[in-house]
Peer 1: 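Handing you a structure now.
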Amino acid sequence: MLTIRSFILAIIPSTVLAASTTPTIGVRTGIDLTALTLSNDSEVVTFNNFFPMADFSVDVKKAINDNYTYTLSATYNVNYLNTNVFHYGSAGFYADYNLSAFSSIGAGVNILHFLSHKLATSGNIHTLRGSIAITNYVADSIYTRFEVLKSLTPKGYRSDEQIRSNNKNDVSSIINHLSYHGYGVNFSVGYDLNP
Amino acid sequence: MDDSMDRKQYILILIFSLITPAFATPVAPAIWVGIGNTLDTNILPIQITKDFGALHIEQLSNLYDLNPGVQNQNQYWSIEVEQAFNQHVAASIKGNFSNNDKSIHRPIVTQEDSNAIELITKYKINEVSYELSVGLKKQQYTLDLSGPYIKPFSIAGYTPSLGLSTAINLSHDIKILIGMNASYPMYIYRSIDNNLGIHQIPDDLINYSTSVELSYNLNALN
């Protein structure tokens with residue numbers, strides 16, 4: 001089973017060793033929309049009242065040659081469902097094709113992980129997502145990134161076991177073996193710390 | 001009367017001033033055709049009832065999530081007429097059309113059709129265009145509630161939308177667009193079957209969708 005730890009451990013060395021140039025580190029912030037459908041074998045709970053929220057990202061970009069750049073990106077964002085607060089973290093690996101010195105289009109994979117939520121007292125929910133992103137440098141160190149994401153996890157895939165929350169105000173129907181499906185969109189502006 | 005004339009003159013002058021730059025510019029309009037894919041939440045806040053007469057009205061269904069547990073996905077095609085005013089600024093009018101069979105995936109909705117028109121303003125930096133759009137979408141659903149008294153029927157309604165997207169030119173003739181769109185069902189959906197009552201449930205939910213589209217410039221054929 002692919003976990004976030006093994007994913008990151010596999011990606012980081014390959015990214016760092018792939019080229020000899022110094023990686024460029026960028027920080028980004030913008031708006032993120034993550035649409036949720038959580039289900040187990042007997043229950044389906046669609047969270048319709050999600051809305052765009054701020055997110056914060058760190059990008060590590062490594063130019064392989066004039067045409068290709070690899071990017072390792074980590075993002076944090078938060079959302080609300082009534083009284084429940086969802087904290088998400090996601091990590092992704094992208095291959096960007098440079099159409100010019102300023103603009104690129106990339107594709108990648110991204111793992112979304114629920115860092116904490118009140119639906120359960122332990123366990124986790126995660127999903128693998130595919131991504132398409134457009135990056136554009138509007139100034140020497142300032143860039144924009146527009147990304148759309150879609151769950152690739154098979155419908156039958158279940159995350160680790162959840163334990164019912166002791167909080168009586170929580171959604172009690174969400175119990176064990178949750179599956180996440182959804183899509184997302186992210187529009188953000190970034191700044192290169194070491195251009 | 002005078003106020004009305006003033007308003008008409010003002011609107012005519014406004015339209016003329018908006019259109020004139022398009023004709024003044026030496027750049028010919030570009031015509032794009034595209035195919036795309038959308039993902040959305042597809043929330044339909046309506047209640048369906050049937051009047052059986054003599055004060056007997058039965059609630060048949062509340063439809064919030066038309067497809068629980070599964071992402072709603074539609075394919076569409078589009079045509080867009082784009083007028084560039086200079087190397088950075090452009091505007092366009094675009095139509096999106098989709099006709100999707102849902103009978104395989106859905107127990108309730110068997111067909112989803114959508115026709116939309118959008119007005120788009122664009123600002124281009126390098127190969128990337130940042131686009132802001134306002135639109136109006138007509139959606140039509142064919143539903144099969146599988147009840148003993150209900151045949152499959154259709155409902156339709158209009159929805160205004162606001163979009164934000166980014167397009168990148170892969171070449172002079174091909175571009176990829178990715179975007180997000182927010183829409184709010186302000187118009188009460190109507191039933192094509194007069195025996196059914198469609199009641200919009202007050203709700204502040206906004207439908208969000210994402211799209212990915214590949215377009216080709218027809219001017220390249222010349």
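Numbers restart at 1 for each chain; the letters A, B, ... are given by sequence-line order, proteins then strands.
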Peer 1: Nearest 0.5 Å please: distance from the CG atom of B:Leu132 over to the CG atom of B:Leu162.
Peer 2: 6.0 Å
Peer 1: When only heavy atoms count and the cut-off is under 4.5 Å, which of residues 98-106 of chain A reach chain B?
Peer 2: A:Leu99, A:Ser100, A:Phe102, A:Ser103, A:Ser104, A:Ile105
Peer 1: If the condition is side chain to side chain donor-acceptor pair (under 3.5 Å), which residues does A:Asn186 pass it with, not counting sequence neighbours?
Peer 2: A:Asp32, A:Asp55, A:Ser188
Peer 1: Return the set of residues passing side chain to side chain donor-acceptor pair (under 3.5 Å) with B:Ser209 (not counting sequence neighbours), or none when no residue passes.
Peer 2: none
Peer 1: Starting at OG of A:Ser90, measure out to CG of A:Leu112 and round the result to the nearest 0.5 Å.
Peer 2: 6.0 Å
Peer 1: Salt-bridge test for A:Lys61 and A:Asp96: reply yes if a basic N is under 4.0 Å from a carboxylate O, no otherwise.
Peer 2: no
Peer 1: So which pairs with a foot in residues 72-98 of chain B pass salt bridge (charged side-chain N to carboxylate O under 4.0 Å, His left out), sequence neighbours left out?
Peer 2: B:Glu80-B:Lys122, B:Glu80-B:Lys175, B:Glu82-B:Lys122, B:Lys94-B:Glu213
Peer 1: Which of these, B:Asp40, B:Thr38, B:Asn37, sits in a side-chain hydrogen bond (donor to acceptor under 3.5 Å, both in side chains) with B:Gln73?
Peer 2: B:Asn37
Peer 1: For chain A, which of B:Val212, B:Thr166, B:Ile178, B:Val128 has the most heavy-atom pairs under 4.5 Å?
Peer 2: B:Ile178
Peer 1: Can you tell me which portion of A:Phe187 sits under 4.5 Å from chain B's heavy atoms? Options are side chain, backbone, both or neither.
Peer 2: side chain
